[in-house]
Amino acid sequence: MMQTANIISNLKDAGCSDMLIEKFLNLLQIGTQKEQLRLLNEHRCRLLDSIHKNQKKLDCLDYLIFEMKQQN
């Protein structure tokens, strides 16, 4: 089992809010792994959505750069 300090550090590194970390640790104390996994998966989905939105922005910029280079 991971040390609490390591868990907190990992959750912070993953961009979890203080509130999410607190919820996670409370669930850890009462031994509700299923709920812990639900919280982590929800956060993961939010991160993945953010990646997809940013990928679309990059695609738009790449298209514009490509078009501008084609005109030269």
Side-chain angles (χ1 to χ4, degrees):
M1 182 70 174
M2 290 178 68
Q3 297 284 335
T4 302
N6 291 339
I7 293 170
I8 292 170
S9 178
N10 189 276
L11 292 171
K12 285 184 179 185
D13 289 347
C16 295
S17 68
D18 290 339
M19 188 168 62
L20 190 143
I21 293 170
E22 185 178 332
K23 284 181 185 178
F24 186 87
L25 294 176
N26 288 337
L27 292 169
L28 180 64
Q29 285 186 331
I30 61 174
T32 314
Q33 187 180 45
K34 187 175 181 178
E35 277 298 304
Q36 287 176 292
L37 289 171
R38 185 188 62 76
L39 283 178
L40 295 178
N41 279 317
E42 285 177 358
H43 185 68
R44 184 183 185 285
C45 285
R46 284 191 295 274
L47 290 174
L48 192 55
D49 285 344
S50 176
I51 288 171
H52 290 153
K53 287 176 187 174
N54 285 319
Q55 182 62 52
K56 286 181 184 179
K57 292 175 186 177
L58 284 170
D59 291 343
C60 290
L61 286 174
D62 287 344
Y63 175 75
L64 183 58
I65 291 167
F66 172 78
E67 286 296 318
M68 290 176 73
K69 286 181 177 180
Q70 291 299 313
Q71 292 177 4
N72 290 332

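Predicted, not measured: the structure shown is a model, and the values here were computed from it. Index from 1, following the sequence.
- Taking a 6.0 Å sphere around CZ of Arg38, one finds it holds more than 12 heavy atoms contributed by other residues, nucleotides or ligands.
- One hydrophobic cluster, built from ILVMFWY side chains closer than 4.5 Å, cannot hold both Leu25 and Met19; they sit in different ones.
- Taken to the nearest 0.5 Å, the SG atom of Cys60 stands 10.0 Å off from the CD atom of Gln55.
- Atom CG of Leu58 is separated from atom CD1 of Ile51 by 11.5 Å, given to the nearest 0.5 angstrom.
- In terms of heavy-atom proximity, Leu39 sits nearest to Phe24 at CD1-N, 3.9 Å.
- In this structure, OH on Tyr63 lies 12.5 Å from CE on Met68, to the nearest 0.5 angstrom.
- Atom CD of Glu42 has more than 12 neighbouring heavy atoms from other residues, nucleotides or ligands inside a 6.0 Å radius.
- By the 6.0 Å contact criterion, CD on Gln33 is open, its count of non-hydrogen atoms from other residues, nucleotides or ligands being 12 or less.
- The closest side-chain heavy-atom distance from Ile7 to Ile21 is not below 4.5 Å.
- Here the CG-CG distance, from Leu37 to Leu27, works out to 10.0 Å after rounding to the nearest 0.5 Å.
- Leu28 CG to Glu35 CD: the interatomic distance, rounded to the nearest 0.5 Å, is 13.5 Å.
- Formation of a donor-acceptor pair under 3.5 Å by the His43 side chain with backbone atoms of Leu20 is not found in this model.
- Residues Asp18 and Glu22 fail the side-chain proximity criterion, which asks for heavy atoms closer than 4.5 Å.
- No side-chain heavy atom of Asn10 sits less than 4.5 Å from a side-chain heavy atom of Asn6.
- Here the side chains of Asn54 and Lys57 are in contact, with some heavy-atom distance below 4.5 Å.
- Taken together through direct or relayed side-chain contacts under 4.5 Å among Ile, Leu, Val, Met, Phe, Trp and Tyr, Leu11 and Met2 form part of one hydrophobic cluster.
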